[in-house]
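Below, chains carry the letters A, B, ... as their sequence lines are ordered, and counting in each starts from 1.
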There are 2 protein chains.
Amino acid sequence: MDNKKNISMAVIRRLPKYQRYLGYLTEKGVERISSKELGENMGFTASQIRQDLNNFGDFGQQGYGYNVKDLYRELSSILGMDRNYKVVIIGAGNIGQALANYTRFEKLNFHLCGIFDVNPKIIGLKIRDVEIKDIDEMVGFFKDNPIDIGIIFTTSASAQKVSDILVNNQVKAILNFAPIDLNVPADIIVQNVHLSDSLLTLSCLLNQNS
Amino acid sequence: MDNKKNISMAVIRRLPKYQRYLGYLTEKGVERISSKELGENMGFTASQIRQDLNNFGDFGQQGYGYNVKDLYRELSSILGMDRNYKVVIIGAGNIGQALANYTRFEKLNFHLCGIFDVNPKIIGLKIRDVEIKDIDEMVGFFKDNPIDIGIIFTTSASAQKVSDILVNNQVKAILNFAPIDLNVPADIIVQNVHLSDSLLTLSCLLNQNS
DNA sequence: TAGATTGTTAATCGATTAACAATC
DNA sequence: TAGATTGTTAATCGATTAACAATC
């Protein structure tokens with residue numbers, strides 16, 4: 001099955017926000033909501049919400065709106081939250097270790113299966129029952145442990161090399177925290193989180209404002 | 001001076017990437033580069049690069065292109081990198097502490113002046129010479145220490161409250177890692193880094209692909 | 001001067017918003 | 001049935017790309 005309507009990234013990026021808010025409404029016990037009300041609460045137009053959702057199906061009902069619990073479930077499913085993903089982290093410095101410890105992680109069905117680093121001082125340490133292994137053991141590890149997602153916290157210098165190893169070992173998606181643009185085949189999914197870019201954007205806006 | 005051409009976020013988000021690449025070229029000793037070449041190397045169109053840069057000035061020269069070192073300096077200045085920013089971190093959990101330790105931080109002229117948390121177990125600890133203080137001391141602290149940027153790593157539940165305190169104490173910009181949308185006056189700059197949204201986007205794309 | 005490449009205007013493309021017939 | 005609100009088509013807005021005169 002190929003649900004390829006070629007949905008734009010702009011739409012996909014809004015889905016987690018919808019899902020989160022619908023989750024909040026579910027907890028509050030709200031039963032139904034219209035696109036108008038949802039839009040007002042979330043700061044979107046009703047039109048945009050209807051357009052966005054209709055990329056994935058007809059979840060609403062004329063004259064009624066959307067059933068909160070159902071829509072929440074649908075969104076969770078679209079976001080792949082009823083699946084389970086196997087994850088490795090490469091680079092266990094400050095931020096790598098912090099994210100390895102991130103408990104919200106497991107709640108989103110991301111199962112941490114391996115941590116790799118080059119630093120002999122930390123190899124062997126355990127984070128949440130997962131041992132930090134030497135990066136040289138990575139290829140061997142992948143033989144026995146098929147992995148869905150690799151999260152890169154290495155230096156920029158190593159990131160491309162690590163990315164190549166991931167790609168060559170059937171990893172399908174990469175979350176990249178190293179401040180470079182990775183070169184990967186077209187069928188590999190990459191999301192970048194460039195912290196220093198966010199800081200610089202902020203500093204740029206501050207600078208503009210004065 | 002009001003350099004308000006109302007430059008779009010799409011443009012501003014590309015500036016750190018330009019600056020980073022120009023820095024790399026400077027190090028490599030490259031002296032000049034055309035928008036065409038730059039575009040090919042970075043995966044943008046030459047047209048877009050010229051449009052983007054011309055929002056800020058005429059940095060190029062017909063028939064020659066751009067002087068790498070000069071453009072690098074200009075971009076650094078536009079990004080506010082020749083200024084110094086005073087920063088506080090609120091929420092010193094895993095990720096908050098990791099970022100407090102982040103050395104790249106200082107390189108970008110972000111000077112960490114304070115860390116605050118509610119957890120009595122970690123209050124008093126020092127991270128890079130900065131003591132973690134009780135969040136209740138925050139208002140008093142701001143009296144003597146004017147701060148430019150607040151970075152929020154608290155839970156979603158506390159984030160809005162913290163944001164309000166920042167805003168009421170002349171903090172001008174907020175980097176928000178809590179997965180909620182903050183409510184702030186129009187003149188306050190907010191950048192969101194929603195890690196779980198990035199993870200969900202990735203998982204959504206993986207899900208779409210199969 | 002001739003060639004190269006800019007800055008900028010015009011054309012295109014895509015995303016958002018508005019409008020409205022369909023229908024619960 | 002009448003009112004509400006959807007799904008969807010059409011209009012608008014903004015961002016990207018193409019084109020080209022200006023000029024180094």
- Task: Kindly say whether the aromatic ring centers of A/Tyr18 and A/Tyr72 come within a distance under 6.0 Å.
- Result: no
- Short side-chain N/O contact to D/dT17 OP1/OP2 from B/Thr45, under 4.0 Å: yes
- Message: If I take atom CG in residue A/Asp52 and atom P in nucleotide D/dG7, what distance separates them, rounded to the nearest angstrom?
- Response: 12 Å
- Message: When you measure from the side-chain N and O atoms of B/Arg50 to the phosphate of D/dT16, is any distance below 4.0 Å, counting only OP1 and OP2?
- Response: no
- D/dT6 phosphate, OP1 or OP2, under 4.0 Å from A/Ser35 side-chain N/O: yes
- Does B/Gln48 have a side-chain nitrogen or oxygen under 4.0 Å from the phosphate oxygens OP1 or OP2 of D/dT16? yes
- Task: Write down the distance between CE (A/Met9) and C1' (C/dG14), rounded to a whole number of angstrom.
- Result: 15 Å
- Message: Need one value for B/Phe44: base, sugar-phosphate or nothing, where a base atom within 4.0 Å counts as base even if backbone is also close, heavy atoms only.
- Response: nothing
- Message: For a quick test of reading the model: is some side-chain N or O of A/Arg14 closer than 4.0 Å to OP1 or OP2 of C/dT16?
- Response: yes
- Length of the CZ-P vector between A/Phe59 and D/dG7, whole Å: 9 Å
- Note on the structure: The Watson-Crick or G-U wobble partner of C/dG3, with both key distances under 3.5 Å, is D/dC24
- Do A/Gln51 and C/dT17 share a donor-acceptor pair, side chain to base, under 3.5 Å? yes
- Query: A/Gln62 has a side chain; which of C/dT6, D/dT6, D/dA10 sits nearest to it?
  - Reply: D/dT6
- Taking any strand in view, what nucleotide pairs with D/dC13 in a Watson-Crick or G-U wobble way, both distances under 3.5 Å? C/dG14
- Task: Rounded off to whole Å, could you give me the CZ-to-P distance for the B/Arg13 and D/dA15 pair?
- Result: 12 Å
- Task: Ignoring the backbone of B/Ser34, work out which of C/dT6, D/dT8, C/dA10 is nearest its side chain.
- Result: C/dT6
- Test log, rule side-chain contact (heavy atoms from CB on, under 4.5 Å), inputs A/Leu195 and B/Phe177: CA-CA 11 Å; A/Leu195 289 181; B/Phe177 285 76; 3.8 Å; yes
- Taking atom C1' of D/dG14 as reference, at what distance in whole Å does atom CD1 of B/Ile7 sit? 15 Å
- Ion pair present between B/Arg20 and A/Asp197, side-chain N to carboxylate O less than 4.0 angstrom? yes
- Short question: side chain of B/Asn176, backbone of B/Ile180 - any donor-acceptor pair under 3.5 Å? yes
- Check every strand shown and say whether B/Ser47 touches a base, only sugar-phosphate, or nothing at a heavy-atom separation below 4.0 Å. base
- Note on the structure: From the candidates C/dA15, C/dT6, D/dG7, the one with an atom nearest any side-chain atom of A/Tyr66 is D/dG7
- Item | Rounded distance in Å - CG (A/Asn54) to P (C/dT23) | 14 Å
- Whole Å only: how far is the CD atom of B/Gln61 from the C1' atom of C/dT6? 9 Å
- Cation-aromatic face contact B/Arg32/B/Tyr64, 6.0 Å, 45 degrees: yes
- Any idea how B/Phe141 and B/Phe116 line up, ring-wise: parallel (<30°), tilted (30 to 60°), or perpendicular (>60°)? perpendicular
- Task: Specify the separation, in whole Å, of atom CG of A/Asp58 and atom P of C/dC24.
- Result: 11 Å
- For DNA chain C, whose closest nucleotide is more 5', that of A/Ala10 or that of A/Tyr64? A/Ala10
